[in-house]
Amino acid sequence: MKLYNTLTKKKEEFVPLTEGQVKMYVCGPTVYNFIHIGNARPMIVFDTARRYMEYKGYQVNFVSNFTDVDDKIIAKANEEGVTAEEISTRYIAECKKDMEGMNVKPATTHPLATQEIGGMIAMIQTLIDKDYAYNVDGTVYFRTRKFKEYGKLSHKNLDDLRSGGRSLLVTGEESKEDPLDFVLWKPKKEGEPFWKSPWGEGRPGWHIECSEMAKKYLGEEIDIHAGGEDLIFPHHENEIAQSECCNGKPFARYWLHNAFLNIDNRKMSKSLGNFFTVREISEKYDLQVLRFFMLNAHYRSPLNFSAEIMESAKNSLERILTAADRLKELADKAEGTGLNGREKELLEQIKEYRNKFEAAMDDDLNTADAIAAVFELVKFANTECGEENSKEYLQTVREEIVSLCDILGLKAERREEVLDEEIEALIEKRQEARKARNFKLADEIRDQLLAQGIILEDTREGVKWKRA
Ligand code: AMP
Ligand code: ZN
């Protein structure tokens, strides 16, 4: 299996540190709001990478953090007059719901930055002891120039950075020895969460969080480190500097980065107001459509989001689901059992689609070509399967579609339709819960219905519902 490594700018054969095992770290979101569909891209593509590696027999230790202490979280907490912890706890729970909807598997471990401060302090201390870091009045900086390999991931040259890097000279950080030095620990400010440290009360810089969490849950050397391409510099470059100087070992062997998601061919940004949260999309579509839409592009290509493209993704996915449905109906009705000669021959032929699928995925996770192989199989199913076929044959073709989709995290088996009466009964139960002021239960029922594709609307005339 080949992966494009940002470090070497080449597609390389993937060879894990330990045979049969993969240690993988993916930078997770900063939790101060609902995640947007840009944040969903790394979640979906690297979950697919994980699923494919598991399919190939690797045992994958997959770690993805939540950044739960950050300026944006603090700002949001102040805005609402609640604690930062309340904000992060709320949006971690919401993020997990979205992940479930997109069929993104929970990580082996989802560490929280605020729970790992002790380890970060220990790493910073080691860097100070090794002379790679220094303390100025409670702010600890990393001595960037001392790490000779700085720039190796982003392929940047230190002197270019210096001349072009005025923005790196952040105000209030004039005490740095060199403009390139970055913060490992910052002193507390009024009204902010803080922890005790040998350099005074304060909180860690963002980059050291990931270095520590990767080390604690995966070890000093890991196989894959991934995230969006905006993280290459400075975040991942700084992680490499911290980890390699502290541990004295190469950090990650393969660095994978997804390209950005744009909206209507413009950069998606909060300030332009042209972004969608995953939750908004879930009100209109099954989130599996969002997943399918993302996987139709190669993860290293920029991807454009628009209403039309989503509609067309929905229709394409529908073709797969319909083919699987039709095979189920045919198989349920089929009388003949046992494969005949012709069927055996055809089942031999369909192996070609799996081979194509694997060849595409082995080529730096080319999910677009893998999906094309699924469509070839769907076309085969629509032309080579009918009432005259045996149950066994029809089931095998169907299982093949379901199984290839499953590797991509797509469910080709349609959800059992929920009956109107069941929905009405749940709405009734929710109304009772609300009357009893049991809002937790009421919300759970709403979420349960949403997961089944039922949207509730509270109107003056009472609760109305519709199918997504
Ligand atoms: P953040 O919460 O900003 O730290 O981002 C979490 C993850 O989402 C990171 O891996 C980012 O690179 C990624 N990300 C943010 N915006 C986009 C976007 N528009 N397209 C693709 N990935 C993104
Ligand atoms: Zn990170």
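Note that these values count all heavy atoms, side chains included, but never hydrogens, waters or copies made by symmetry. Computed from a predicted model, the values in this text were never measured in an experiment. Order of appearance sets the numbers: ligands from 1, and atoms from 1 within every ligand.
Those atoms of ligand 1 with a heavy atom of Met268 less than 4.0 angstrom away are 19 (N). Numbered from 1 in the order shown, with element, the atoms of ligand 1 that lie under 4.0 Å from a heavy atom of Leu261 read 18 (C), 19 (N), 20 (N), 21 (C). Heavy-atom contacts of Ala259 reach the following atoms of ligand 1: 21 (C) (cutoff under 4.0 Å). Those atoms of ligand 1 that come under 4.0 Å of a heavy atom in Asp230, given as number and element, are 11 (C), 12 (O). Within ligand 1, the atoms closer than 4.0 Å to a non-hydrogen atom of Leu231 are 9 (C), 10 (O), 12 (O), numbered from 1 in the order shown.
Within the 2.8 Å limit, Cys210 places at least one N, O or S atom next to the Zn ion (ligand 2). For the Zn ion (ligand 2), the set of nearby N, O or S atoms under 2.8 Å includes one belonging to His235.
Look at Met43 and you'll find every heavy atom at least 4.0 Å from all atoms of ligand 1. Not a single heavy atom of Ala226 sits less than 4.0 Å from an atom of ligand 1.
Using a distance-only test at 3.5 Å, with no hydrogens or angles considered, no donor-acceptor pair links the side chain of Asn39 to the main chain of Pro29.
Taking only nitrogen or oxygen atoms, main chain and side chain alike, Gly228 reaches within less than 3.5 Å of ligand 1. Any N or O atom pair closer than 3.5 Å counts here, and Trp206 shares no such pair with ligand 1. Ligand 1 has a nitrogen or oxygen under 3.5 angstrom from a nitrogen or oxygen of Gly38.
Under the 4.0 Å criterion applied to side-chain N and carboxylate O atoms, Lys215 and Glu239 are not assigned as salt-bridge partners. Taking the charged nitrogens against the carboxylate oxygens, Asp362 and Lys2 have no contact shorter than 4.0 Å, which rules out a salt bridge. In summary, Arg430 and Asp443 do not engage in a salt bridge, as defined by a charged side-chain N under 4.0 Å from a carboxylate O. Salt bridge annotation for Lys356-Asp369: absent, with no cationic side-chain nitrogen under 4.0 angstrom from a carboxylate oxygen. Residues Arg203 and Asp71 are paired through a salt bridge, judged by an N-O separation under 4.0 Å between the basic side chain and the carboxylate. Under 4.0 Å is where a charged nitrogen must lie from a carboxylate oxygen, and between Asp181 and Lys146 no such pair does.
If you check the side chains of His236 and His207, you find no donor sitting under 3.5 Å from an acceptor.
The proximity of Asn39 to ligand 1, defined as any non-hydrogen pair under 4.0 Å, involves the side chain as well as the backbone. Contacts with ligand 1 closer than 4.0 Å are made by side-chain heavy atoms of Asn258 only, the backbone lying farther away. With a 4.0 Å cut-off on non-hydrogen atoms, Thr30 touches ligand 1 through its backbone as well as its side chain.
A pairwise comparison of heavy atoms in Gly101 and Leu287 identifies O-CB, 3.3 Å as the closest pair. Taking all atoms of both residues into account, the shortest heavy-atom contact from Val378 to Ile401 is CG2-CD1, 4.3 Å.
Atom 16 (N) of ligand 1 has as its closest protein heavy atom His36 CE1, 3.5 Å. Closest to atom 13 (C) of ligand 1 among all protein heavy atoms lies Pro42 CG, 3.7 Å.
In this structure the side chain of Glu400 reaches within 4.5 angstrom of the side chain of Leu377, judged on heavy atoms.
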